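Each remark here refers to the structure printed beneath this line.
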Amino acid sequence: MSVRILSIESSCDDTSAAVLSDGILLSNAMAGQEIHEKYGGVVPELASRSHQQNIVPVVDVALKEANLKPKDISAVAFTLGPGLLGSLLVGVSFAKAFALAMNIPIITVNHLQGHVFSTFIREKADDRVPEFPFLSMTVSGGHTQIVLVRDYFDTEILGATIDDAAGEAFDKSAKLMGLGYPGGPVIDELAKDGNPDAFHLNLPKIQGLNFSFSGLKTSFLYLLRDEIKKDPDFVNKRKADLAASLQKAIIDILVAKLRRASRETGIKNIALGGGVSANSGLRSRLQKIAQKDRWNLFLPKKKFTTDNAAMIGIVGYFKYLKKDFASFDVVPKARLNDY
Ligand code: KG4
Ligand code: ZN
């Protein structure tokens, strides 16, 4: 009999539910939350309230698109953490209630492991997926890390950010420019018409494979402050060049560490994950490097870069095969280190 996983992701501001059959994705439904744009960031209390409103209809859509009924599901996988506690709680409670009602097991998934395995989401049986061992660079709004993945459940974090995440560098700088939230996609669009060498920004000097982005943000802030003094309309006049220069600096930081990790480990299977891996500048730079350094590069499909339940479902499926089920008294975790 087929293994059918219903998965739930509710760690931040998007409510998502997906259905997989024997590891192949059947549906991936999503409800975003525009409400946060007004505040320039995610408001936790509003996020959990919208999850409560969205969760039942989103699961309903996921099941309908998969053409399945609740009784067809073998197990429910859900994000245990890390994330906003109130948001996680909605997904965890729903998953438990669904599983109890259907008398099926539950599976906990670390959100970050979801991003690491987002290149394993197959929509067709012959979709290409990475081979072990591979290096995964997860670049999201909350995390930036390079992980050595020896096997499904044998991973080692080689480097991580010591301050802001790459997505935060986009979001906070976009906010300084008075652009909307989230800033990453806005910068990405603007950068297409800008000169990446128009402005010089200071790059951090961090040892080893760790990252830092807070200095870059400060350097960007000083640049804006000095130029606005001379011309109050500076940001508006130069926004494409500013976006392109900022994006180039962030990409330079990410790419330098990823190449170093590949050199040091000798691993050329490289996978990306997380919201920032949707960035078109980063994707095209990595494709060029892949040719030069002979990497086997795996970029997630754009729809699987930002938070989604499909990535939680694929990890849930691997855990199902190991019969790695959770107890019903498990509680969500705002912080979660182990995969
Ligand atoms: O993975 P994700 O949906 O959520 C977290 O787990 O954090 O990532 C969201 C982040 C935001 O910071 C957003 O600005 C960034 O991903 N992002 C992008 C792009 N699309 C989303 N950053 C740069 N370029 C993009 N095209
Ligand atoms: Zn995420």
Side-chain angles (χ1 to χ4, degrees), residues 7-16 18 28 30-33 36-37 40-42 44 47 78-84 87-88 91 109-119 121 136-145 147 160-161 164-177 179-192 194 196 211 213 216-217 243-244 246-255 271-286 299-312 314-315 334-336 339:
S7 58
I8 314 279
E9 153 63 36
S10 71
S11 65
C12 192
D13 56 344
D14 295 319
T15 319
S16 179
N28 185 38
M30 184 95 66
Q33 301 184 4
H36 306 289
E37 279 169 28
V42 176
F78 57 89
T79 307
L80 186 68
L84 301 170
S87 294
L88 289 164
V109 176
N110 180 318
H111 179 85
L112 284 171
Q113 198 179 7
H115 281 306
V116 166
F117 283 97
S118 53
T119 43
I121 303 168
S136 154
M137 185 166 76
T138 298
V139 277
S140 75
H143 299 87
T144 303
Q145 50 182 225
V147 182
T161 181
D164 290 348
E168 273 179 296
F170 276 105
D171 295 340
K172 289 182 177 174
S173 304
K175 203 169 179 175
L176 292 174
M177 287 173 69
L179 304 171
Y181 175 86
V186 187
I187 300 273
D188 192 349
E189 268 317 297
L190 281 174
K192 289 176 184 159
F211 301 87
F213 290 97
L216 176 66
K217 182 191 65 198
L246 175 78
Q247 180 168 297
K248 176 174 183 282
I250 296 173
I251 295 172
D252 284 346
I253 295 172
L254 292 172
V255 159
L272 265 275
V276 177
S277 65
N279 185 267
S280 48
L282 177 62
R283 290 172 89 95
S284 63
R285 177 88 75 87
L286 286 172
L299 298 173
K301 290 181 185 156
K302 286 225 176 144
K303 60 187 168 187
F304 303 137
T305 55
T306 48
D307 293 347
N308 65 85
M311 69 184 193
I312 303 303
I314 191 68
V315 176
R335 290 169 179 277
L336 187 62
Y339 279 6

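Each ligand, and each atom within it, is numbered from 1 in the order the structure gives. Both backbone and side-chain heavy atoms feed into the values below; hydrogens, waters and symmetry mates do not. None of the values given here were measured: they were computed from a predicted structure.
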Worksheet entry | Charged N-O contact under 4.0 Å between Lys175 and Asp171 | no
Worksheet, complete the sentence: Quick note on ligand 1: atoms under 4.0 Å from a heavy atom of His111 include exactly 6 (O)
Fill in: Residue His115 vicinity, atoms of ligand 1 by number, heavy atom under 4.0 Å
1 (O), 6 (O)
Discussion item. For Asp188 and Ser280, which I'm curious about, is there any donor-acceptor pair between the side chains at under 3.5 Å?
Written reply: yes
Worksheet item: Does the side-chain contact (heavy atoms from CB on, under 4.5 Å) test come out yes or no for Ile121 and Met311, once each step is laid out?
Response: CA-CA 7 Å; Ile121 303 168; Met311 69 184 193; 3.9 Å; yes
Of the protein's non-hydrogen atoms, which lies at the shortest distance from [atom], and what is that distance?
{"atom": "atom 24 (N) of ligand 1", "result": "Asn279 ND2, 3.0 Å"}
{"atom": "atom 20 (N) of ligand 1", "result": "Gly275 O, 3.4 Å"}
{"atom": "atom 26 (N) of ligand 1", "result": "Asp188 OD2, 2.9 Å"}
{"atom": "atom 2 (P) of ligand 1", "result": "Asp307 OD1, 3.3 Å"}
{"atom": "atom 22 (N) of ligand 1", "result": "Gly184 CA, 3.3 Å"}
{"atom": "atom 11 (C) of ligand 1", "result": "Asp171 OD2, 3.5 Å"}

Discussion item. Among the N/O/S atoms of His115, which is closest to the Zn ion (ligand 2)? Give the atom name.
Written reply: NE2
Worksheet item: If you measure from each non-hydrogen atom of Thr306 to ligand 1, which part falls under 4.0 Å: side chain, backbone, both or neither?
Response: both
Say whether [X], considering both its backbone and side-chain N or O atoms, lies within less than 3.5 Å of an N or O atom on ligand 1.
{"X": "Glu168", "answer": "no"}
{"X": "Pro182", "answer": "no"}
{"X": "Gly142", "answer": "yes"}
{"X": "Ser280", "answer": "no"}

Would you say the side chain of [Y] lies within less than 4.5 Å of the side chain of [X], judging by non-hydrogen atoms?
{"X": "Arg285", "Y": "Asp252", "result": "yes"}
{"X": "Met30", "Y": "Thr306", "result": "no"}
{"X": "Thr79", "Y": "Ser10", "result": "no"}
{"X": "Phe211", "Y": "Gln145", "result": "no"}

Worksheet item: Hey, does the side chain of Thr305 reach the backbone of Ser277 with a donor-acceptor pair shorter than 3.5 angstrom?
Response: no
Fill in: With the Zn ion (ligand 2) as the apex, the OD1/NE2 angle for Asp307 and His111 - to 10°
100°
Practice prompt. List the atom of Leu272, the atom of Ser118, and the distance in Å for their closest heavy-atom pair.
Written response: O-OG, 4.0 Å
Worksheet, complete the sentence: Correct closest heavy-atom pair for Ile8 and Ile312 would be O-CG2, 3.9 Å
Worksheet item: Heavy atom of Cys12 under 4.0 Å from ligand 1?
Response: no
Worksheet item: Out of Pro185, Gly281, Gly141, Gly167, whose heavy atom sits nearest atom 8 (O) of ligand 1?
Response: Gly141
